[in-house]
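Everything quoted here is computed from the prediction, not taken from an experiment. Throughout, residue positions are numbered sequentially from 1 according to the sequence presented.
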Amino acid sequence: MLREQAIASLLISAEDRPPHAAPFFAYLFDNAQNDATGLKFGSFHTAEVPYVFGTTARAIVSPRAIDRKLERTIGRYWTNFIRTGNPNGAGLPAWPSLATVKLMLLGKSPHAQRPMASERLFNYRLFVRNGGRLSLF
């Protein structure tokens, strides 16, 4: 439930940004490590850090080919974002801005997706409009 509230908070805050604001990109990391930590916790908060910094060979007991491939993909996204303010680049699956109500699912097959059903997001918008507060903002 907290994860869903956080995602709703991101989506609503993206909608409230001024039209001239820089694009807002978001992701969900969905790749459980192939070790005791991954088996116990699945894909957890901060699990993407070794992929971002290119340290899966040292951080994961038995990195798989998918881990190395995802590490390269994430590295390219982050490098593009640092250089240009946009993670997209040649040969990468398109990563839309959050204004599209989609975020990037970074896992075995990176792709953009809607993180929740439209009616659920509508209910969160209504909650916020009526004075409710969500977890992030």
Side-chain angles (χ1 to χ4, degrees):
M1 189 169 165
L2 290 174
R3 177 180 165 179
E4 184 175 273
Q5 287 180 6
I7 291 170
S9 181
L10 282 171
L11 293 169
I12 291 168
S13 66
E15 292 170 351
D16 292 341
R17 292 169 59 86
H20 61 278
F24 192 160
F25 299 92
Y27 68 92
L28 286 175
F29 185 76
D30 186 29
N31 187 60
Q33 297 172 193
N34 188 29
D35 58 18
T37 303
L39 293 172
K40 183 174 182 179
F41 298 108
S43 183
F44 55 91
H45 179 65
T46 71
E48 77 278 16
V49 171
Y51 296 83
V52 170
F53 291 104
T55 60
T56 58
R58 290 184 296 276
I60 299 172
V61 175
S62 299
R64 303 160 292 191
I66 186 64
D67 295 312
R68 290 186 292 277
K69 181 179 178 189
L70 185 57
E71 177 182 69
R72 287 189 301 274
T73 299
I74 289 174
R76 289 176 60 206
Y77 279 130
W78 262 246
T79 301
N80 291 341
F81 185 78
I82 290 165
R83 285 184 183 148
T84 68
N86 187 318
N88 291 292
L92 292 170
W95 185 332
S97 75
L98 204 53
T100 64
V101 192
K102 290 183 179 179
L103 48 75
M104 199 66 179
L105 183 69
L106 295 173
K108 291 179 181 164
S109 179
H111 63 281
Q113 72 174 38
R114 293 179 85 74
M116 71 177 60
S118 298
E119 50 278 356
R120 299 242 353 137
L121 182 56
F122 173 82
N123 288 331
Y124 279 111
R125 284 186 193 116
L126 190 59
F127 173 72
V128 170
R129 274 191 223 124
N130 287 316
R133 294 186 54 110
L134 297 175
S135 60
L136 285 181
F137 304 108

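- Side chains of L28 and L106 form no contact here, defined as non-hydrogen atoms less than 4.5 Å apart.
- Between P115 and V101, the closest heavy-atom pair is CD-O, 3.5 Å.
- Shown here is R64, whose CZ atom has more than 12 heavy atoms of other residues, nucleotides or ligands within 6.0 Å.
- Of the inter-residue distances, the one linking M104 atom CE with D30 atom CG reads 12.5 Å to the nearest 0.5 angstrom.
- Listed here is the closest heavy atom pair of P23 and S97: CB-CB, 4.0 Å.
- Considering only heavy atoms from C-beta on, P50 stays 4.5 Å or farther from E71 through its side chain.
- For R68 against P63, the heavy-atom pair with the smallest separation is NH1-O, 3.0 Å.
- Contact check for S62 versus D35: no side-chain heavy atoms found under the 4.5 Å cut-off.
- I82 CD1 to Y77 OH: the interatomic distance, rounded to the nearest 0.5 Å, is 15.0 Å.
- Rounded to the nearest 0.5 Å, atoms OG1 (T100) and CZ (F25) are 9.0 Å apart.
- Here the closest non-hydrogen pair linking N88 and W95 is OD1-N, 2.6 Å.
- Between A112 and A94, the shortest heavy-atom distance links the atoms CB-O, 4.1 Å.
- In plain terms, the two heavy atoms of L103 and A26 that are nearest each other are CB-O, 3.3 Å.
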